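Reading through the structure tokens given below for one structure.
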Amino acid sequence: MQEKMSGILQDIRIAMRGLLQRPGFALLAILTLAVGTGATTLIFTVVSGVLLKPLGYQDPASLVALHVRTEKTGDRWGFSYPDFLDCQRECRSFDGVAAWTYSGGTVSAPGQPEYVDGRQISSDLFSVLHVPLTQGRSFLPAEDQRGSAPVAIISTRLWQLRYASNPQVVGMPLTYEGKAYTVVGVAPPGLQLDGDVDIFTPLGQTTEPRMQYRAAHFLHVLARLRSNTTLAQAQTELALFSGNLAKQYPDSNAGMTLVPHTLQSELVQDVRPTLWLLLGAVSLVLLIACVNVASLLLTRVVSREHEFALRLALGASRWLLVRQCFVESGILGICGGLLGLLCAMFGTRPFLQFWPGRLPRAEEAHVDWRVLLFSLSLSILTALIFGLMPALRANKSAIETALRSRSRNIAGNARKPLSGFVVCQIALAFVLLTSAGIIGRTLLHVSSRNPGLDVHNVLTARVAISPEALSSPEKARAAWKELMDSLRADPTVQSVALTDTVPMREGENVVNYWATTTPPPPNQAAESLAVGASPDYLKVMRIPLLRGRFVDEADRMDSRQVVVIDENMARHAFPGENPVGKLLWIPSMGPRPVLVVGVVGHVRHWGLAGDDLSRVQDQFYYPLGQVPDQLMKFFSSIISVVVRTNIPALNTVDTVQREARGAMGDQTLYELRTMEQLVSASLDQQRFLLFLFAIYSGVALLLACIGIYGVIAYLTSQRVPEIGVRIALGASRSDILGLVLRQSLVIVLAGISVGILASFATGRILKSLVPGVQTSQAAIFVIVLPLLLAAALFASYIPARRAARVDPMVALRYE
Amino acid sequence: MAETRQPLIQIEELTKVFYTDEIETHALSGVHLTISKGEYVAMSGPSGCGKSTLLSIIGLLDTPTAGKYLLNNKPVENLDFGDRSRLRNQEIGFIFQSFNLIGDLTVYENVELPLTYRQKMPSADRKKRVMESLERVGMAHRVRHYPSQLSGGQQQRVAVARALGGHPSILLADEPTGNLDSRNGEAVMELLQNLHREGATICMVTHDPRFAKHAEREVHLFDGKVVAEEELQKLMADVHA
Ligand SMILES: Nc1ncnc2c1ncn2[C@@H]1O[C@H](COP(=O)(O)OP(=O)(O)O)[C@@H](O)[C@H]1O
Ligand SMILES: [Mg+2]
């Protein structure tokens, strides 16, 4: 045993000496590996933090999110409040069931007015999550009722900012949305419910009408599985339970099933495909790097054949030779891996800065034992991969050479494995290049699409209206009118409108509708995006009016309820007819049918790329002037202002913000975005992927070129005598150049053929993961093929030219 | 009879100096040599006297440092690489000591190789030439074999066929029997003699006096100079003394 150890130590010493003797080779190999393992470890760090690491809650495996599934809409998170209450009362699979929904508003005291994100939660949310409060208590069931005293739980941030971290904060007052609340607890830092939350209020105190409707699906529902209940058992119970609900309330619940998902899978479902895609792509880069180092090592082993033969002759076992090869590749692998790990440690944060939109659990992505383990196994695995070929080779060639007297014929004999390496590299680089090409073309293609409106010089913003205005519907309407008037007074402002839904921004309302007097079966109704708008909306957005009229000032509470539909809805609801003057039934707007007064163009609301794939293709507009009084307060929390400006919209931000203060100075605009920014952000995912794939494929191309260069240089160095003979027989320089380039061309073309086959498969994967991707790749091949060919031939041209300068005298001098 | 022959190679005052690491090696210092068409010349001399160097200059593999070289009455000492390649391909047939067949190519392809470097030679013509020269060396039955499947003597015969295929003005052989046993060596010598009888011009380097006797004329090289036989004996005696 000890002998073995000292043998290995000896091997390490020899390998180190060998590497130090050729520092260029060692450096190239280590850097190549560092690029590969670094990029892979970095992406794995993100994958590990976001997808693999258990949630920060206690016992996360038993936390489930309950979804509503219908045949038509698939799986969605939206629960209605009555369904939630029934489920909470009746389902035996769970220790607790909790619900929450989005809210938010202005906190005006203590301290300066500020808009904060809030959540309305059921009283047992914290206990279901097993998250203890850092101060005070969570809501009591009695507080989770209409008419009980207003209480709030605040975030650690608010506690520090507004109460100076006062340990006696419990029981202190807080003014939120113009109403006096009592603070009963402080939430721990870092707690997220689909984003950061500053204030929690009891869901049950809400008086909004939607709390009563089983058809209003607006709640996220979480549940804690009972200790020996499985997900499958819970699913069975929920199926039974939803069946009963459907029988009891066929109007709202027919065809509807409740299904449990583990919370983790729900949180990250949107980014999961992208992350795996990136990890896949980056693994290809790593593979190319491995292949590069393998071919570097292989050429080294081949040139050491005589040394190996000698060692064999001196009595070394074959195993010892193989071991020495592995020791050498192991050292390289570990050095490269360590360097790669460093890259990942320092690169993860900057990398996440580039992530488009919000990456859930991004804060979890850092180098931990999981990443260390991954990185270590990666280094060892890569060392094995790229050490294996040389080791096999050392073994075989050593015997051959030892048994064979020196042969006189001129031939390359390491060509096959080496060429195989290059074929792999070219194929991998080709796949990455075409993927980048596919994404790039998609981006080009979709960014030239017509968004359906004029995006230039439009500013959009959410509004935290003066809390004073919320005290009555009349005051609210007056405040909104005043806001529009003061904005209109600004000389840089051309027109102003209000809407509850800004195109390509989060926050939208999808409702059912039908165009027949008898309603369709439950959950079979068509769906449309419902947009509340003020009369100037069309003018601000410059959406084309196709027929009839848009909503106008005459559409008021006391006049006939009207809607304006988009061209898609016109086609679907009234095929081949003029929709103007027709009736539509839209339950969310009341039991009476509404009158269609106009048709406008379709707007790509779900993003330039995403809109085509959206389940909901129809859109309609209704006048904000016809929003009933009891909903005015709710609407006031979701209305945004859109402004068309005379000068570039970004330059008006400050003045618009100032004009919007209101008479009391307690009004503020937030999330100010130009329409151009929103359109551009709708392609962030594609742009981000293009950015990464461009880097990956650039690195891959570079590595592949280094690989080709190394292999062709090696092969031609082996062919020097042969080339000398050819020149002696009258070959010209161009004959020799052609000879070498043809050899590399054969290898490159083989690689490209494999690459083409593989890229059909990857094209399909991309299509399923990235919105807007088309799989027809011919146009991309036209660009990628010559690019790769040119790069590969350039890389082989250098050794080829050297070969053409071989002195024909070697033919005479050779032995 | 020799006087009526036309000169093929005329060399005057030829010198070749190699510079390596600031050391000058005078491989050839003032060589005069004429080889006529149809002649069979054997070149001999001790190792390192410059035989291979002279042969490589005759064969246009290398250029002289100074001196004159007329091939077919045309000066060739200052041609560039491309012109020398072309002339070499057309006028010179090489036979090497170590055969220098290319292991990846079949016998047929090896013989065809120099012809493929010629511009515009129809493949039918090539095929005819290849088969012709393989028949002349008695290797036509081995066209599909690879060099490694042949004996040394057979390989050298294929190499001779490769040199013949281009219908060169002269065959240059640098110790063609050096890597062969005596029986195979004899066979190759016989082959060269037959070729000479059929009209080929041959210049062969050998230090085996038995094989030198096959030639019409023997040229002795000593220390980079051509010397007469008697002088060589004397010089050699001096060296040994
Ligand atoms: N490329 C070269 N560089 C330096 N010296 C050379 C080179 N080729 C030959 N020589 C030297 O020139 C001399 C003649 O060599 P060579 O013609 O090979 O002799 P021979 O073939 O008669 O044995 C020798 O001293 C040899 O070392
Ligand atoms: Mg020699």
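As the structure is a computational prediction, the values presented were derived from the model and not from experiment.
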For this session: Using a cut-off of 6.0 Å, state whether more than 12 heavy atoms not belonging to A:Met16 lie near its atom CE.
Result: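 Incorrect, the count does not exceed 12.
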Exercise. Counting only heavy atoms not in B:Arg126, do more than 12 fall under 6.0 Å of its CZ?
Worked result: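 Counting other residues, nucleotides and ligands, CZ of B:Arg126 exceeds 12 neighbours.
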Counting only non-hydrogen atoms closer than 4.5 Å, does [X] touch chain A with its backbone (N, CA, C, O), its side chain (CB onward), both, or neither?
| X | answer |
| --- | --- |
| B:Arg118 | neither |
| B:Leu60 | neither |
| B:Leu113 | side chain |

Exercise. A:Leu729 and B:Asn89: which non-hydrogen atoms are nearest, and at how many Å?
Worked result: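 Heavy-atom minimum between the residues: O-ND2, 2.9 Å.
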For this session: Might you point out which heavy atoms bring B:Ser85 and A:Ser732 nearest each other, and give the distance in Å?
Result: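 Closest approach of B:Ser85 to A:Ser732: OG-CA, 4.3 Å.
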Problem set entry | B:Asp104 and A:Arg719, any side-chain heavy atoms less than 4.5 Å apart |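 No, every pair of side-chain atoms sits at 4.5 Å or beyond.
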For this session: Could you check if a side-chain atom of B:Phe81 sits within less than 4.5 angstrom of a side-chain atom of A:Ile727, using non-hydrogen atoms only?
Result: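 Sidechains of A:Ile727 and B:Phe81: in contact.
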Problem set entry | Interatomic distance, B:Leu105 atom CG to A:Glu722 atom CD [nearest 0.5 angstrom] |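 Separation between the atoms: 6.5 Å.
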Could you pull out every donor-acceptor pair under 3.5 Å between side chains of residues 17-29 of chain B and any protein atom, sequence neighbours left out?
from: B:Glu24; atom 1: OE1; to: B:His26; atom 2: NE2; distance (Å): 3.2

For this session: Check whether any side-chain N or O of B:Arg88 sits under 3.5 Å from a backbone N or O of A:Ala728 as a donor-acceptor pair, and report yes or no.
Result: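 Yes.
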Exercise. Relative to chain A, which of B:Gly152, B:Ala163, B:Pro114, B:Gly59 shows the most heavy atom pairs under 4.5 Å?
Worked result: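 It is B:Pro114.
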